[in-house]
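Below is one structure, written out as structure tokens, with a few remarks after it.
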Amino acid sequence: MKVGIVGTGYVGLVVGACLAETGNEVVCADLDEKKIAGLKQNHLPIYEPGLEPLVVRNQRDGRLQFSTDVGAVVERSEVIFIAVGTPPDEDGSADLQHVLDVARTIGEHMNESKVVVTKSTVPVGTAEKVRAEIARHTKTAFHVCSNPEFLKEGAAIEDFMKPDRVVVGVDSPEAGRVIEELYAPFVRTGNPLIVMDIPSAEMTKYAANAMLATRISFMNQIARLCEAVGADVGHVRKGIGSDRRIGQAFLFPGPGYGGSCFPKDVKALIRKGETAAVPLGILKAVETANEAQKHTLFEKVQRHLGSTLKGRTVAVWGLAFKAETDDVRESPALVLVNELRAAGATVRAHDPAAIETAKHVLGTTGITYVAHAYDALEGADVLVIVTEWLEYRNPDFARVKQLLKQPLIVDGRNLYDPDRLARQGFTYDSIGRRPR
Ligand SMILES: NC(=O)c1ccc[n+]([C@@H]2O[C@H](COP(=O)([O-])OP(=O)(O)OC[C@H]3O[C@@H](n4cnc5c(N)ncnc54)[C@H](O)[C@@H]3O)[C@@H](O)[C@H]2O)c1
């Protein structure tokens, strides 16, 4: 099938590469000329495990192409995915400007009937706005679908190739058949392709992210209480997770959720509730809890080193909002680094993939970026762990102790056994567990 993807970011590039891998002829379009020029040379603009070989192979075999000419891509495509960004507007609602820009271009280049799929996360009613915008510019009949994306950065290829489920909202059986054909290779083992009406599909994506964010904030607050009353959140997590109604996944406390999705999607859903006169108090609490949680690591550092950190050096392991990505959007590490600098500390930071993206946001004042994790520790008063990268999970603790000025670790991901660290002579403070 001839597929066009408009918006070649974390989502668009993964979707394009995976659809090319299953034999479709895909062109990914983006307005960012530098990004497209790089991709034509197989230079990937993002770090995503397993993506590069897919791009290289499919580009070599002619099934995957890149273009800045969105109109031409629309004209040659039978199915067009809109995968541009939907950042928060000033009032928290999703900013649909990019989505509607693309809809206008699609309308202007609608040379024959096509299926237009909104892949971006968009509030209920957006597909109808897309339909209206396209229809303003063409008399040709077309279909609109909503196909929200559930991939996780860091595991995006696996998630797209073997999805738990595919959700699609359609306006006609024909459009449903086109989407079913495209997704057939990915749901062969029986995971469901769930077809529904368009507003329900749009709502499903927000409800899923809001539920996941709620689990995280819930566990973070339980962790705080565990610390205060002398319980261990690790045991509590196992104790509740083995209840099948609750399940094990997504119960790890941490330094607060970040990334490009949960914060903005929770905000957008709260806003949607307000405009529909259905206040979503639960989600407001989730958001407030998460904002508070992002200060936890800084507060712990202050508890150990004193409130003024002038002249102190803090080693930070991890800048990405989670492991296996270079994405630092809304990362708790950004909050931590800014608080440390404001309190007079200097920061030595390491991340296996996110140093370049972090530099764009944090700059270089009061922070030194190092290429190797141990280099961050030299002369530091404390090591703070923000991201759960695999390479931080089993370090040489003797070396860590030798490099640090004092054996102090604040761990936002509960990577280590507190008793083991205590035996090795560390002061070890993690989330929801009694400090040792
Ligand atoms: N990142 C994720 O993990 C994830 C997961 C599921 C859903 N989503 C949703 O998917 C959408 C895209 O997210 P992303 O993380 O890929 O964003 P992104 O910022 O990485 O990529 C968006 C791309 O769209 C391009 N663009 C913007 N306006 C354009 C236009 N008019 N024409 C052509 N290209 C244009 C930008 O240059 C950019 O390359 C968002 O709605 C997001 O909420 C993201």
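The basis for the numbers below is simple: all heavy atoms, side chains too, and nothing from hydrogens, waters or symmetry mates. In each ligand, atom 1 is the first atom listed, and ligand 1 is the first ligand listed. The chain is numbered in sequence order, starting from 1.
- Residues Asp89 and Arg271 have side chains not in contact (no heavy-atom distance under 4.5 Å, counting atoms from C-beta outward).
- The shortest distance between side-chain heavy atoms of Tyr206 and Val124 does not fall below 4.5 Å.
- With distances taken over non-hydrogen atoms, the option nearest atom 12 (C) of ligand 1 out of Val84, Thr121, Asn209 is Val84.
- Ligand 1 has a nitrogen or oxygen under 3.5 angstrom from a nitrogen or oxygen of Asp30.
- Counting atoms of ligand 1 from 1 in the listed order, those under 4.0 Å from a heavy atom of Thr86 are 40 (C), 41 (O), 43 (O).
- With Leu383 as the partner, the side-chain contact (heavy atoms from CB on, under 4.5 Å) test is satisfied by one option alone out of Val314, Leu377, Asp411: Leu377.
- Glu108 and Arg104 are joined by a salt bridge, as a carboxylate oxygen and a charged side-chain nitrogen come within less than 4.0 angstrom of each other.
- With a 4.0 Å heavy-atom cut-off, ligand 1 is reached by the side chain of Cys261 but not by its N, CA, C or O.
- Side chain to side chain, Glu291 and His295 fail the donor-acceptor criterion of an N or O pair below 3.5 Å.
- From the protein, the heavy atom lying nearest to atom 43 (O) of ligand 1 is Lys264 NZ, 2.5 Å.
- With hydrogens left out, the protein atom closest to atom 20 (O) of ligand 1 is Tyr10 N, 3.2 Å, a heavy atom.
- Protein heavy atom closest to atom 21 (O) of ligand 1, with residue, atom name and distance, is Gly9 CA, 3.2 Å.
- Residue-ligand proximity, Leu151 to ligand 1, at heavy-atom distances under 4.0 Å covers atoms 3 (O), 5 (C).
- Close contacts of ligand 1 with Val102, meaning ligand atoms under 4.0 Å from a residue heavy atom, involve 30 (C), 31 (N), 32 (N).
- When the heavy atoms of Val99, Thr68, Val11 are ranked by distance to atom 16 (O) of ligand 1, first place goes to Val11.
- The ligand atoms of ligand 1 that sit less than 4.0 angstrom from a heavy atom of Ala83 are 12 (C).
- With Ser146 as the partner, the side-chain contact (heavy atoms from CB on, under 4.5 Å) test is satisfied by one option alone out of Lys119, Lys205, Met196, Glu202: Glu202.
- Both tests hold for Arg237 against Phe252: distance to the six-membered ring centre under 6.0 Å, angle to the ring axis within 45°.
- Checked by distance only, ligand 1 and Asp32 stay at 3.5 Å or farther apart across all their nitrogen or oxygen atoms.
- With sequence neighbours excluded, the residues that form a side-chain hydrogen bond (donor to acceptor under 3.5 Å, both in side chains) with Lys264 are Thr86.
- Looking at Asp417 and Arg433, their side chains never come closer than 4.5 Å, going by heavy atoms from C-beta outward.
- Of the protein's heavy atoms, Gly85 N, 3.6 Å lies nearest to atom 22 (C) of ligand 1.
- Of all the heavy atoms of Val6, the ones lying under 4.0 Å from any atom of ligand 1 belong exclusively to the side chain.
- Partners of Glu25 under the salt bridge (charged side-chain N to carboxylate O under 4.0 Å, His left out) rule, at least two apart in sequence or in another chain, do not exist in this structure.
- Residue-level proximity to ligand 1 for Lys35 is carried by the side chain, the only part with a heavy atom below 4.0 angstrom.
- At a heavy-atom distance under 4.0 Å, only side-chain atoms of Ser260, from C-beta outward, approach ligand 1.
- Residue Arg329 touches ligand 1 through its side chain alone, judged by heavy-atom distances below 4.0 Å.
- In this structure, a donor-acceptor pair under 3.5 Å is present between the side chains of Ser93 and Asp91.
- Across all their heavy atoms, Val115 and Cys145 have their closest contact at CG1-SG, 3.7 Å.
- For the residues His98, Glu149, Glu153, the heavy atom positioned nearest atom 6 (C) of ligand 1 is part of Glu149.
- Using a 4.0 angstrom heavy-atom cutoff, Lys205 counts as in contact with ligand 1.
- The residue among Thr118, Leu31, Thr105 with a heavy atom at the shortest distance from atom 32 (N) of ligand 1 is Leu31.
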